[in-house]
Amino acid sequence: MAGHDLRAFIARLESAGQLVRVRAEVSTDLEIAEIASRLAARGGPAALFENVAGHTMPVLVGAFASMERMAWALGAERIDEVADRVGRLAATVPLACHEPRRRAGGAGLAAKVKALPKLLELARLRPKTVRSGPCQEVVRTDDADLGRLPVLRSWPGDGGPFITLPQVYTADPDGKHRNVGMYRLQVFGPRRLGMHWHRDHDGARNYRAWAGQGRAMPVAVALGGDPVLTYAATAPLPYGMDELVFAAFLRGEAVHVVPCKTVPLLVPADAEIVIEGTVDPEERAVEGPFGDHTGYYTPADEYPVMRVSAVTHSADAVYPATVVGRFPKEDCYLAKATERIFLPVIRTVVPEVVDINLPLFGVFHNWAFVSIRKSRPGQARQVMRAIWGLGQLAYTKFLVVVDEGVNVHDSDEVLWRVGAEADPRRDTCLETGPADVLDHAAPPGGEGGKLGIDATRKLPEEVGGRPWPEPLASDPATSARVTRRWQDYGFE
Ligand SMILES: Cc1cc2nc3c(=O)[nH]c(=O)nc-3n(C[C@H](O)[C@H](O)[C@H](O)COP(=O)(O)O)c2cc1C
Ligand SMILES: [Mn+2]
């Protein structure tokens, strides 16, 4: 991935006029976060703070905080290009499933042969181990100290400083399943970090496998490197699918990795900073509170602890961070990239889905608007149950299904259809399922309610043969004529 590291991305943002270098002295305590929040609220540029009080490392915020910058981070001009490539892959390789679909006889073979070029492409995309990399220009083991990193405290009630944009590398005890996930890390002390992986995430799963054997799990935390790696750490891939192969697929080039100095893990050679250590099955500590993307503090709770054995970094490392809180913030763009990139994957299992919007005010899991191509009675409910069965979409609390042609990205249009097309008794369903860990309104215990609203037009079979009206539409010929003559009428 030569030439695609964080420096190259910073240079690209700067030459496009999308990065401001801040030379005034700023504090990691609340001040940088307040600035980042204001920039995010106005769709502003990324910022590189070069004069951070008490630190030599500069701090980068907002690098992903627009759809355009997000696309650039993934090596594209527009996110749709990336979605199209994933769509083509999903069409040949069953990306959404753990195992290839079994089909009878010749059809299965034909499908495999057709998928072969794509599978070979994936093999070419395995990480390549190299001997050395910029991420290990400076190596500190016995004198490793997290206090040297300009870690931010974002909100006044936060329990301390948190590393907010990390790639957390783990593997299962057999070394078969590498995983890269983004989980915030509270700095408890010079060599202790809180591991806030949610119970359903793959890092937690690897941890439980090690803990089950009574063994401490090696962990490496990388910051920076190719921005595509940071995105991949947030992508909702099924367990066992390697985020580094996914990142390489997006980038079109294998990720170069180096062995860590004190743990048996591989990390991206061109990362800015790497923190190495182990997580003991017995040790837990109180993590939080943390001002979260819900727009509220998540309360303090017990989480596992990482004991740091080394901190390595490049000679002139940049510390990347993000600030979360009430929308819109930088993580909204990471989430929107996922919404676009995974839509074609959703379509491989729920083919009637046309479009999906996880509105920003829904904070990923509270609301989903889905449009479908409806052709049979009961289909909206079928789609709801499918969505509630799909990976992290299972957390969706309020799910609205509308017809194809309704713009799901226009909340007014969706709510107009809910009001007009749905009968509250006939067209809603209450379900239960896994609740988002961050949902403070959910009942205790991890299971929460789900409300589905069928705002599609009803077929005659669904309403005892009653005809259902079409929404108003202009006469096409008249509409074209008025468009053509608009200036003739004296309008601008
Ligand atoms: C900025 C940001 C912060 C996040 N913080 C956390 C976190 O603290 N804990 C967590 O479990 N997931 C967090 N996530 C979500 C996970 O990164 C995401 O669900 C990812 O798919 C998990 O990967 P995994 O399934 O390989 O574990 C965060 C995502 C973003 C974009
Ligand atoms: Mn994963």
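We number each residue from 1, following the sequence as shown. Note that these values count all heavy atoms, side chains included, but never hydrogens, waters or copies made by symmetry. Order of listing sets the numbers, starting from 1, for every ligand and every atom in it. This is a predicted model, so every value here is computed, not measured.
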Any heavy atom of Asn179 under 4.0 Å from ligand 1? The part involved is side chain

heavy-atom search around atom 19 (O) of ligand 1 in the protein gives Gln392 NE2, 3.0 Å

shortest atom 27 (O) of ligand 1-to-protein heavy-atom contact is with Tyr183 OH, 2.5 Å

The closest protein heavy-atom partner of atom 31 (C) of ligand 1 is Thr234 CG2, 3.7 Å

Strictly under 4.0 Å, does any heavy atom of Val168 approach an atom of ligand 1? no

In terms of side-chain geometry, is the basic nitrogen of Arg340 or Asp355 positioned less than 4.0 Å from the acidic oxygen of its partner? yes

Between Cys135 and Val267 the two heavy atoms that sit nearest each other are SG-CG2, 4.4 Å

Would you kindly say whether Tyr239 and Asp200 are connected by a side-chain donor-acceptor distance under 3.5 Å? no

| query | Do you see an N/O/S atom of Tyr239, backbone or side chain, under 2.8 Å from the Mn ion (ligand 2)? | reply | no

For OE2 in Glu243 and OD2 in Asp202, the angle at the Mn ion (ligand 2) (nearest 10°) is 170°

Do we see a donor-acceptor contact under 3.5 Å between the side chains of Gln18 and Glu68? yes

Atoms of ligand 1 under 4.0 Å from any heavy atom of Glu243, numbered from 1 in the order shown, are 26 (O)

Discussion item. I want to know whether Tyr207 and Trp197 have ring centres closer than 6.0 Å.
Written reply: yes

So, is Trp197 polar-close to ligand 1, with some N/O to N/O distance under 3.5 Å?
no

In this structure, atom 9 (N) of ligand 1 is nearest to the protein heavy atom His196 O, 2.6 Å

Touching ligand 1 at all, Ala233? Heavy atoms, strictly under 4.0 Å?
yes

**Side-chain donor or acceptor of Glu243 paired with backbone N/O of Ala232 under 3.5 Å** = no

Counting heavy atoms under 4.0 Å, the part of Glu330 that contacts ligand 1 is neither

Quiz item: Does ligand 1 have an atom under 4.0 Å from some heavy atom of His293?
Solution: no

Can you check whether Thr164 has an N/O within less than 3.5 Å of an N/O in ligand 1?
-> no

Q.
Between Tyr319 and His55 (judged by ring centroids, cut-off 6.0 Å), do the two rings come close enough to count as a pair?
A. no

If you scan protein heavy atoms around atom 17 (O) of ligand 1, the nearest is Met182 O, 2.7 Å

Checklist entry - Does some side-chain heavy atom of Tyr333 sit less than 4.5 Å from a side-chain heavy atom of Met67? => result yes

Ring-plane angle category for Phe342 and Phe246, please: parallel below 30°, perpendicular beyond 60°, tilted otherwise.
tilted

